[in-house]
Structure formats: structure tokens, C-alpha cells
Amino acid sequence: MSSRSDVQSDTFDAFFRESKKPLLAMAFVLTGDLATAQDLSQEALLRTWVRWSRVAKFDDPQAWTRRVLYNLAVSKSRGDRVRQQAPRVEPRSTPAPSESHLMLAAALRSLPEDQVRALVLHDGAGHSIAEVATEMKVPEGTVKSWLSRGRAAAAKAMDSSESTAKEGHASF
Amino acid sequence: MPHSEEQVQELLREMYSTAESNDWDVDAAELRSQRGRRDVPLPDVKVLVLVAAAVILVVVGIVVAHGSASHRSTASGPTTTPSTAAAATVVTVPNATNQTLSEATSALNMAGLTVTVTNVVNNEAAGLVLNQNPAAGLQVSRGSAVSLTVSSGPSNVRVPSLIGLSQTQATNVLGQAGLNVGNIVSVPSNNFAANVVVQSSPGAGASVLPGSSVDVVVSSGPPPPSG
């Protein structure tokens with residue numbers, strides 16, 4: 001016989017296992033730094049666990065966690081102090097961030113969350129348009145639109161951030 | 001050189017595989033155990049507990065200090081204040097009047113006084129304290145005597161001689177002796193004028209309780225001529 005909290009733990013652990021990789025990928029493309037990505041993913045998952053009794057009842061619990069993660073990444077890059085409850089990842093355990101990754105991450109943070117997710121699923125993970133459409137519960141046309149607009153905006157943002165970086169203003 | 005959309009796609013693929021190959025090793029149970037650990041600002045709770053403890057300690061300290069201070073002032077002999085020294089040798093006389101002798105004696109002894117008793121015959125119940133000297137409320141030296149006047153109860157009185165007295169005179173005489181007039185019976189008498197007491201019951205000299213009634217026989221004058 002398992003208590004209510006045991007059931008909660010079990011369902012969360014299943015959610016954790018299936019959400020871990022997509023969340024980390026999302027976090028990484030939004031931050032460009034693995035240590036930060038892991039910190040933010042853990043934080044988003046912990047905040048999910050804290051509210052798990054409610055979040056578990058959502059149609060798509062991972063969407064909630066992803067929204068938290070996106071907000072955390074954007075807030076952190078703005079320099080907002082993110083109150084982190086999850087234990088911090090030891091930075092030396094992860095590879096040093098590359099400049100191009102940091103630049104793309106900064107560009108992606110200027111995009112809406114849906115566009116970022118579509119880019120991660122299609123361009124990153126290699127899913128087909130149809131699979132992304134099913135996954136995101138939107139028509140394929142919408143996915144195509146998000147992808148092209150997202151890429152264009154990201155490329156443009158990288159251009160401007162590169163010129164800013166050349167003037168000596170590092171981002172992130 | 002402007003970035004192309006192809007470069008964005010390329011970088012995204014690269015970053016995704018980097019993320020995929022760098023799975024972080026925190027497991028769900030470990031993460032769950034973090035819940036609430038820094039949820040509540042613990043320092044604040046600690047501060048509250050410490051403040052509460054400090055307040056309790058201060059209050060207890062004040063109470064203890066106050067208690068021991070008052071204890072010292074009553075317990076130390078040589079440095080006793082004048083008022084408390086007087087209390088040791090001067091006592092207030094308690095009330096003893098209208099109590100039984102045993103009650104009064106107990107109260108006086110507890111106040112540190114001795115008792116001298118004077119019994120008097122009285123209509124009050126035997127053992128009742130009728131009077132005391134010195135009076136209640138006076139300050140006297142500890143160990144001094146209080147004189148109590150105690151009823152030994154009513155004593156018998158002798159029925160006075162009433163024969164030859166008028167009914168009015170007899171009533172007065174009985175009253176002076178502490179006796180009451182009881183039934184009055186009229187009888188003819190050749191020897192006594194009308195309304196003169198010819199007999200009493202109990203008779204003269206009898207010992208009776210104070211307040212007793214004495215029946216009297218009164219002459220109604222000579223009997224009417226017969227025949």
C-alpha cells in the first residue's frame with residue numbers, strides 16, 4: 001500500500017525521467033552554458049515538484065516546467081537575481097561554453113518560447129515538421145512559420161550581438 | 001559577415017547534441033529532497049526562535065531575581081527592617097468574643113497570646129466568651145495574656161415567696177428574680193383578699209432555671225354563701 005505522497009513521488013519521478021533531456025536541451029540553447037543550463041533545469045524541475053500536486057493534473061505538465069525554465073533563462077540573462085533552491089552544478093564538471101553557443105543562446109532568448117521550442121525540436125533534435133506539430137499540438141503550417149521566423153530572427157539577433165560584442169559588450 | 005538561417009540550424013543541432021551528451025547526474029529523488037530546504041528562509045525562523053528564547057530567559061531571570069530578593073528580605077535576621085522586627089514581637093489581638101472558649105483559645109494562641117479565663121454565671125450557653133480584655137484589634141506584646149470572660153451557663157434561682165403579694169407585686173418580684181409568671185388560677189379564699197397570691201408552683205425556695213415560669217394561685221375573695 002502506497003501513501004498519497006508516495007504516489008506523488010512516483011508520478012513525478014516518471015515525469016522527471018522523460019522531461020530531463022528535452023528540458024536540458026531547451027535550457028542549453030537558451031543559455032549556451034551547460035552548467036547554467038543544468039542549474040536552471042534543476043530549478044525548473046524542483047519548482048515543478050514543489051507544485052506537483054497541481055501541475056500533475058495539467059494536460060501537459062512539461063509545458064508548465066518549460067515555461068518556468070524559459071522565464072528563468074530570460075530572467076537570469078537580464079541579470080535578475082534568480083532565487084535558486086536546487087543545488088548548484090559544479091561548473092568545472094561541464095565543458096567551457098563556446099562563443100558561438102553563447103551568441104545563439106542570447107539570440108534565441110529574444111524569441112518567443114514557442115519558436116525556440118520548435119527550433120529545438122526540429123533543427124536540434126531532428127524531428128520532422130509533422131512530429132513537431134503533433135508534439136506542440138499546432139498545425140504544421142504554424143510550425144513552419146515558427147521555424148522560418150525563428151531562424152531569421154535568431155540570425156539577425158546574432159548579427160547585432162556580434163557587432164555589440166566587437167564593441168566590447170559581452171553578453172551573458 | 002551576416003549569419004544565415006543555415007548557420008542557426010547548424011548551431012542548434014550542435015548545441016542539442018552537446019546537451020544530449022552532457023546529461024546531468026542529479027536524480028529525481030535527490031531533487032525532491034531539496035524541496036522546502038531553502039523554501040522557507042530558515043535564518044528568519046532561527047532568529048525568531050532565538051528572540052523568543054531570549055525573551056523567556058529574561059522574564060525567567062527577572063522572576064527568579066525578584067523571588068530571591070524578597071526571600072532575602074524576610075529571611076535574614078540581623079538586617080531585618082524595623083517594621084518586620086516589630087511584627088516579630090508585637091501582635092494584634094484577635095477577636096475572641098462570641099466564640100466558644102476553645103475557638104477563642106486556639107485563635108489567641110496562634111496569634112502568640114496566652115489566655116486567662118474568668119467564668120461567670122450567665123444565661124448564654126456555657127463556654128461562650130462574653131468579653132475579652134484587651135479588645136480585638138489592639139497591638140500587644142507577643143506572649144501577653146488576654147483575659148476572657150466566659151459564661152458558665154445559667155445557674156438556678158430560688159423562687160421567691162409570693163404569698164400575700166398582689167398579683168402585680170408578684171409579677172414584679174418574679175421578674176426581678178429572672179422568672180416569669182405562668183398560669184394564674186383564681187380560687188375562693190376566706191383568708192386572703194381578692195387578687196392576693198395564696199400559693200405558687202413551684203413554691204417559695206424551690207431552685208429553678210432562670211426564666212422559668214411560676215404558676216400562681218390568686219384569691220378570688222370569700223366564696224359565695226352556700227345554701
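Each chain gets a letter, A, B and so on, in the order the sequences are listed, and its residues count up from 1. Just the heavy atoms: all of them, side chains too, but no hydrogens, waters or symmetry mates, feed the values below.
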Side chain / backbone / both / neither for [X] at chain B, heavy atoms under 4.5 Å:
X: A/K156; result: neither
X: A/F16; result: side chain
X: A/A37; result: neither
X: A/L108; result: side chain
X: A/L104; result: side chain

Taking atom types as modelled and ignoring hydrogens, do the side chains of [X] and [Y] form a donor-acceptor contact shorter than 3.5 angstrom?
X: A/W52; Y: A/T11; result: yes
X: A/H101; Y: B/E14; result: yes
X: A/R109; Y: A/S77; result: yes
X: B/S207; Y: B/N156; result: yes

**Asked** Any side-chain heavy atom of B/T89 within less than 4.5 Å of one from B/S141?
**Response**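 They are not in contact (no side-chain heavy atoms under 4.5 Å apart), so the answer is no.
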**Prompt:** If you count heavy-atom pairs under 4.5 Å between each of A/A25, A/A125, A/S100 and chain B, which one has the most?
**Reply:**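 Between A/A25, A/A125, A/S100, the count favours A/A125.
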